[in-house]
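Throughout, residue positions are numbered sequentially from 1 according to the sequence presented. Indexing begins at 1, ligand by ligand and atom by atom, following the structure's order.
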Amino acid sequence: MGRGVVPVDCLVVAILACLGAAAAATEYVIGGSRGWTAPPNITAGYYTEWAAGKTFAGGDTLKFVWNGTHNVANVTREEYDNCTKVSSVLEGGEMLDFPLPANANGLYYFICTVDSHCQNGQKLAITVISPTPTESPNSSPSSTAIGALFMLVLLSSSIVPMLMN
Ligand SMILES: [Cu+2]
């Protein structure tokens, strides 16, 4: 292997690591096609059912989309249980992105503080699990990415010496 090959291989590894990290984040439209809404569009427990079985991870984005008058408040467990009309609400023009911090872990609670929407079921509790950080690039790249990495390393190892000759 020529001396000029190594930096190219390092570059390929770095690029793939970035691609792997970007691909790992998921965007969730809260409530699916019904969006972020209140009765009569939803029944009590609708968001609990919607969230059941989904795995939320740090770096994912929660997309709240709605029609009409609603808002989003990121609240504590107690405020969620009591539907407390907190003053710090996140307002958006019928759309709001809530990016979960990369190292997010544990329970996150959201409610709408308009009228009695929260009491009627416009409330969301999710469990966020982030992979424990490791020394090497975490977010375990898929086997496809590893395969692609091997191919690129092999290609660059054989092409670069040819170019340098
Ligand atoms: Cu509302």
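- Taking backbone and side-chain atoms together, Cys118 has no N/O/S atom less than 2.8 Å away from the Cu ion (ligand 1).
- In this pair, Phe56 and Tyr28 present their aromatic rings tilted. The plane angle is within the 30 to 60° band.
- Rounded to 10°, the angle formed at the Cu ion (ligand 1) by SG of Cys112 and OE1 of Gln122 is 100°.
- Applying the side chain to side chain donor-acceptor pair (under 3.5 Å) definition to pairs two or more places apart or across chains, those involving residues 80-98 are Lys63-Asp97, Arg77-Asp81.
- Disulfide criterion (SG-SG under 2.5 Å) for Cys118 and Cys83: met.
- The Cu ion (ligand 1) forms the vertex of an angle spanning ND1 of His117 and ND1 of His70; to the nearest 10 degrees it equals 100°.
- The aromatic rings of Tyr108 and Phe110 sit parallel to each other, their planes meeting at less than 30°, with 60° as the upper class boundary.
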